[in-house]
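Just the heavy atoms: all of them, side chains too, but no hydrogens, waters or symmetry mates, feed the values below. Each residue takes its place number in the sequence, starting with 1. No experiment lies behind these values; they were computed from the predicted model shown.
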Amino acid sequence: MNKISGLLLLSSMAFAPVAFSAPVGTLSVHILNQQTGIPSPDVTVTLEKQQQNSWTTLASGKTDQDGRIKSLYPQDQDMQPGVYKVTFKTGDYFHSQKMNTFFPEVPVLFTVTKSNEKLHIPLLLSQYGYSTYKGS
């Protein structure tokens, strides 16, 4: 009888509504200092979503010792399609390195086309330039 009860419970769970949430790592970022060839730790990164004519802040974090934030998007929410902005606070980073920079921050705008799409935004950084792309 216990086996049948367990099977019934398991089979009923298969049809229960599932609470959706952004998987860990839905949006990750990475910063590599092109001048030194090493990652950029302790850089503040913010995430915002465009809501008509304004931006709503969703999350903020600091890069780890490997220059990464492995999961910037809040895990208790679905990442819905729309226009988003990741802002890397590069001026603070260079100031902490006792270096000048032309870019006090690097905003990267991007479009999400499907819910919980796994995205990675790397930033290759120097004092007077940067590049980025859609990573995987």
### Thr57 side chain reached by Leu47 side chain, heavy atoms, under 4.5 Å
no

### Task
Test side-chain contact (heavy atoms from CB on, under 4.5 Å) on Val43 and Asp92 and set out the steps.
CA-CA 7 Å; Val43 177; Asp92 294 340; over 6 Å; no

#### Entry: Non-hydrogen side-chain atoms of Asp42 and Tyr93 separated by less than 4.5 Å
no

### Query
If we only count heavy atoms from C-beta on, is the Lys134 to Leu119 side-chain gap below 4.5 Å?
yes

### Query
For Tyr128 and Asn100, does a side-chain donor sit closer than 3.5 Å to a side-chain acceptor?
no

### Query
What are the two closest heavy atoms between Gln80 and Val112, and how far apart are they?
O-CG1, 3.8 Å

### Task
Work out which heavy atom in Thr63 is nearest to a heavy atom in Ser40; give both atom names and the distance.
OG1-O, 2.7 Å

### Query
Could you give the distance from CD (Gln34) to CG (Leu124), rounded to the nearest 0.5 Å?
4.0 Å

### Query
Can any side-chain N or O of Thr101 pair as donor or acceptor with the backbone N or O of Pro104 at less than 3.5 Å?
no

#### Entry: Interatomic spacing from CG in Leu123 to OG in Ser131 - rounded to 0.5 Å
7.5 Å

### Task
To the nearest 0.5 Å, tell me how far Leu27 CG sits from Asn116 CG.
11.0 Å

### Task
Consider only side-chain heavy atoms of I, L, V, M, F, W and Y, link residues closer than 4.5 Å, and tell whether Leu58 and Val83 are in one cluster.
no

### Query
What distance do Glu117 atom CD and Thr111 atom OG1 have between them, rounded to the nearest 0.5 Å?
9.5 Å

### Message
What I'd like to find out is whether the side chain of Pro81 reaches to under 4.5 Å of the side chain of Thr113, using heavy atoms alone.
### Response
no

### Message
Nearest 0.5 Å, please: how far is CD in Glu105 from CZ in Phe88?
### Response
11.5 Å

### Task
Output yes when a side-chain donor or acceptor of Asp64 lies under 3.5 Å from a complementary backbone atom of Asp66, and no otherwise.
yes

### Query
Is it the case that one hydrophobic cluster holds both Val29 and Phe110, taking links as side-chain heavy atoms less than 4.5 Å apart, direct or via other members?
yes

### Message
With a 6.0 Å cut-off (strictly less than), is the heavy-atom count around CZ of Phe102, excluding the residue itself, greater than 12?
### Response
no

### Message
Strictly distance-based, threshold 3.5 Å: is any side-chain N or O of Thr90 a donor or acceptor partner for the main-chain N or O of Phe103?
### Response
yes

### Task
Mind checking the NE2-CG spacing from His120 to Leu72? Nearest 0.5 Å is all I need.
12.0 Å

## Note on the structure
Taking every heavy atom of Ser71 against every heavy atom of Thr26, the minimum-distance pair comes out as OG-N, 4.4 Å

### Query
Do you know the tightest heavy-atom contact between Ser60 and Thr46?
OG-CG2, 3.6 Å

### Task
Decide whether Leu109 and Val45 are clustered together by the hydrophobic rule: side chain heavy atoms of Ile, Leu, Val, Met, Phe, Trp, Tyr closer than 4.5 Å, transitively.
no

### Query
Are any side-chain N or O atoms of Thr87 and backbone N or O atoms of Pro107, one a donor and one an acceptor, separated by less than 3.5 Å?
no

### Query
For Tyr84 and Met79, which heavy atoms make the closest approach, and how far apart are they?
OH-CG, 3.8 Å

### Query
Taking all atoms of both residues into account, what is the closest heavy-atom pair of Asn33 and Gln35, and its distance?
OD1-N, 2.9 Å

### Query
If you draw a 6.0 Å radius around NZ in Lys49, do more than 12 non-hydrogen atoms from other residues or ligands fall strictly inside?
yes

